Visitor: 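The structure follows.
Below, chain A is the first sequence line, B the second, and so on; all start at residue 1. Not measured: the values here are computed from a predicted model.
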Protein chains: 2
Amino acid sequence: MNGKAMGQATIRDVAREAGASVASVSRVFNRLPNVRPELKERVEAAARKLNYIPHAGARNLSMARTGVIGVVLPDLHGEFFSEILRGMEREAAMRGRHLLLSNMHMGLGDGVEALRNMRGRVDGLIVMAPHIAPDLLFAHLPASIPAILLNGPENRQGRPELRIDNAAGARTMVDHLVATGRRAIVHIAGSQGNIEAAERARGYSEAMIAAGLSPMILPGNFDEESGHLAVQRLQTQHVEVDAIFAANDMMAIGALVALRDLGVDVPGQIAVAGFDNIPLARLISPGLTTMAVDIADLGARAVNRLSAVIDGENVPQTELRYPSLIVRNSTTHTAA
Amino acid sequence: MNGKAMGQATIRDVAREAGASVASVSRVFNRLPNVRPELKERVEAAARKLNYIPHAGARNLSMARTGVIGVVLPDLHGEFFSEILRGMEREAAMRGRHLLLSNMHMGLGDGVEALRNMRGRVDGLIVMAPHIAPDLLFAHLPASIPAILLNGPENRQGRPELRIDNAAGARTMVDHLVATGRRAIVHIAGSQGNIEAAERARGYSEAMIAAGLSPMILPGNFDEESGHLAVQRLQTQHVEVDAIFAANDMMAIGALVALRDLGVDVPGQIAVAGFDNIPLARLISPGLTTMAVDIADLGARAVNRLSAVIDGENVPQTELRYPSLIVRNSTTHTAA
DNA sequence: ATCCATCTTGTAACCGGTTACAAGAAACCG
DNA sequence: CGGTTTCTTGTAACCGGTTACAAGATGGAT
């Protein structure tokens, strides 16, 4: 039927069909007011007839704006990953933006490379890299591309950052344990080299010392097995403790299960606490006392702030989010 | 320093700086072999000096290829969402592609609109829409954009689809329950209008009838509370059952907890089974018998097949994945 | 030295939109 | 009715890459 080969119709095809100019077609599709109704209808009819769909890529190029936010995440575990994305997605959709995913399970070299070829694909980046120095990361990135750093170490590139105050959260938890009578509180740390893990350990140590107690830290990996192993180690080395504070919930659950297998009463003999408040924490028995981080909110906020930066607004350089204490039965019998 | 205003350097800037043509710069960056080493170095030096980063959007436009796969998902719950994305991401990264996220928590009208303005943004689409007729969905989409349908109802647009055989999975579970001596097996259904829910219910009914038993279906919503409510309903109406088969794990867990609160022995008095094998299923006590769907694999496969379609290869029209039975203590005492 | 094949390089058109600018039409005014 | 303002419309340049094609350079064979 058509003179040309087929393919998708372009704006010029529509213009020809409607007997109008490309400028007018563009105006119609962008709902600019200054188009005579008669012309508008002709254009719309032509577009319908050719089943014209605007080519977003071309639009992006000429407008130098894609409406896409690049999200660079490390290899996250289940809930955290889905929750943060859910939050980001909700906020992005509300602003008519899309999310471009790019995991970063690679070394720094590849990471920087990956960031670089986001140019022209996205309007800005949300980068979460808990084990890479952000200065190094951003140094290779043009200063012109907006980016916000999530839960990373501090950076000195003047990039805005958004962080959970992990140290404060850990202090709150230690305070809770001390307040409920615990003294020999051991901490199971998260993965080595992970910033959040380090911050939580730091908060723990600070609060212990402030309470006149001596810190004791066991290594861990953020996974369930770490919790298991930590309990085993405590047992074989005959270390007496009355509370275990794990750097995340999965490890706390591992510890909980290990203690249950050993017939140790929780919280009677030993209190157990975690960090993150994953859904599982509520469902397991006894319910796990933990620090709740509203992860979806964190994601939404990240998109929110990045959007502001993209739109040229001024945003504060650093924003901290405080986790809140959720007391359940793993530390006290009287909890809900 | 630079004559022009600043902004990012373009390929023409590099060409000028290197005293070469844009074609040569392009060749260098695309690693085409026919460039004299001396020129190549000059170009690379110039690019380094100007901190040139190729503009992916421009490249996409002129090559008519973005390297991006659009992913349209409904509002999924935790594990499912993260697992399927993890699988997709892994496979996409391996093929040097990116994922563009676009949730679809909207009506059909918006949905089609959302799909449409993916044109020029993505090379293809993975669409998961368990509650929208795909024929309607695809009818408004140009036939030229590759798309594959995930876990939807059958479509007659000749689009390739990838589905979990939910009915077969449900039959397998009923067979297991019957084989372990259960007779009064009740099914808690998933959300109304959801295709997967309907398929699971269908498989359940078929298998029950095949076993000479009468099906009995309670309504549900895929959430924990549905499980709770179902158990309550059974109790208040004094219905005697010896097995509960929920259309997903969350409802099964809700039922499990409700039964525990009532002091009913599982599996002694009532067996409980779910569907999906979420991580929680293993951790809860008793361990939940369920049908395991390798969700990450499903995601990876979807990307895999879509890539094939994009690359013009021929792919089979429909592919079914079979879930596998995981027996735990919620249906039999002798399990691992 | 001549001719031909091969390799390197540059020019310019193209991908499909947006938009500055100018020109023509319409409306308003005295 | 002429002049000015306002509104509508079209032309063409531009966004930043890729690539067909042609021209120039190089090298080998005779």
Visitor: Mind grabbing the angle between the end helix axes of the helix from C/dA1-D/dT30 to C/dG30-D/dC1? Five pairs an end, 10° rounding.
Guide: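 For the helix from C/dA1-D/dT30 to C/dG30-D/dC1, the axes at either end differ by 50°.
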Visitor: Any donor-acceptor pair under 3.5 Å linking the side chain of B/Arg121 with the backbone of B/Asn117?
Guide: yes
Visitor: Can the ring centres of A/Phe81 and B/Phe81 be said to be less than 6.0 Å apart?
Guide: no
Visitor: Does A/Glu83 form a salt bridge (Lys or Arg N to Asp or Glu O under 4.0 Å) with A/Arg86? I'd like the steps, not just the answer.
Guide: CA-CA 5 Å; A/Glu83 276 306 296; A/Arg86 186 188 318 289; 3.3 Å; yes
Visitor: Begin from the C-alpha positions of B/Glu44 and B/Arg48 and carry the test salt bridge (Lys or Arg N to Asp or Glu O under 4.0 Å) through to its verdict.
Guide: CA-CA 6 Å; B/Glu44 279 167 350; B/Arg48 240 187 331 267; 5.3 Å; no
Visitor: Mind checking whether B/Ser24 and B/Val28 have side chains closer than 4.5 Å, heavy atoms only?
Guide: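 With C-beta onward as the side chain, the pair stays apart.
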Visitor: Would one find more than 12 heavy atoms of other residues, nucleotides or ligands at under 6.0 Å from atom CG of A/Asn34?
Guide: yes
Visitor: Decide yes or no on salt bridge (Lys or Arg N to Asp or Glu O under 4.0 Å) for B/Asp294 and B/Arg321, but give the supporting numbers first.
Guide: CA-CA 9 Å; B/Asp294 190 340; B/Arg321 311 287 300 159; over 6 Å; no
Visitor: Roughly, in whole Å, what's the span from CZ in B/Phe29 to P in D/dT18?
Guide: 10 Å
Visitor: From NZ of A/Lys40 over to P of D/dC7, roughly how many Å is that when rounded to an integer?
Guide: 18 Å
Visitor: Base, backbone or nothing for each nucleotide of nucleotides 10-17 of chain D, written B, S, -, heavy atoms under 4.0 angstrom, 5' to 3'?
Guide: BBB--BBB
Visitor: Going by salt bridge (Lys or Arg N to Asp or Glu O under 4.0 Å), name the pairs with one or both residues in residues 17-33 of chain B, residues two or more places apart or in two chains.
Guide: B/Glu17-B/Lys49
Visitor: Could you tell me the separation between the CZ atom of B/Arg36 and the C1' atom of D/dG27, rounded to a whole number of Å?
Guide: 15 Å
Visitor: To the nearest Å, how far apart are B/Glu38 CD and D/dA25 C1'?
Guide: 14 Å
Visitor: Starting at atom CG of B/Asn34, determine the distance to atom P of D/dG24, rounded to an integer number of angstrom.
Guide: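 Atom-to-atom, B/Asn34 to D/dG24, this comes out as 19 Å.
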